[in-house]
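Scroll down for the structure; my scribbles are underneath it.
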Amino acid sequence: VLVLSEGPVEGCRADEMPRRRLVWAIEQLGLPPGYVEAIARDQFGTGDWKALPEARLRALRFTATRRSRARSREGAGDAA
């Protein structure tokens with residue numbers, strides 16, 4: 001049984017699912033929204049990262065994941 005917590009998604013097409021997954025994955029990294037927007041602005045010239053095409057979202061996820069891991073290591077280094 002599939003339960004949508006926010007109800008049906010308007011205009012949700014199967015070909016949009018990879019983009020939606022990428023947006024979700026980036027959001028789950030725990031980076032501040034302004035930080036992700038700044039990365040997108042630097043890489044792609046726009047802060048509206050959720051509107052990027054799939055290929056650019058993949059590149060953004062890669063960069064954001066690396067930055068998230070670096071921030072985690074910095075925090076762990078401070079605790080040691």
If you count heavy atoms of other groups shown closer than 6.0 angstrom to CZ of R69, is the number above 12? no

Not counting sequence neighbours, list each pair that qualifies as a side chain to side chain donor-acceptor pair (under 3.5 Å) and has a residue in residues 56-65. Q43-T63, E54-R58

Using every non-hydrogen atom in the two residues, find where P18 and A14 come nearest and quote the distance to one decimal. CD-O, 3.8 Å

Hey, mind stepping through R19 and E16 against salt bridge (charged side-chain N to carboxylate O under 4.0 Å, His left out) and telling me if it holds? CA-CA 5 Å; R19 285 188 71 261; E16 281 291 309; 3.0 Å; yes

Nearest-0.5 Å distance that lies between atom CG in L29 and atom CG in L31: 5.5 Å

Hey, does the Lys NZ or Arg CZ of R67 hover above the aromatic six-ring of F62, less than 6.0 Å from the centre and inside 45° of the axis? no

To the nearest 0.5 Å, atom CZ of R41 lies from atom CG of D48 at 10.5 Å

Specify the closest pair of heavy atoms between G47 and E37, including all atoms of both residues, with the distance to one decimal. O-CG, 3.4 Å

If you compare all heavy atoms of L57 against all heavy atoms of I26, which two are closest, and at what distance to 0.1 Å? O-CD1, 3.9 Å

Below 4.5 Å, heavy atoms only, C-beta onward: do I39 and W49 meet side chain to side chain? no

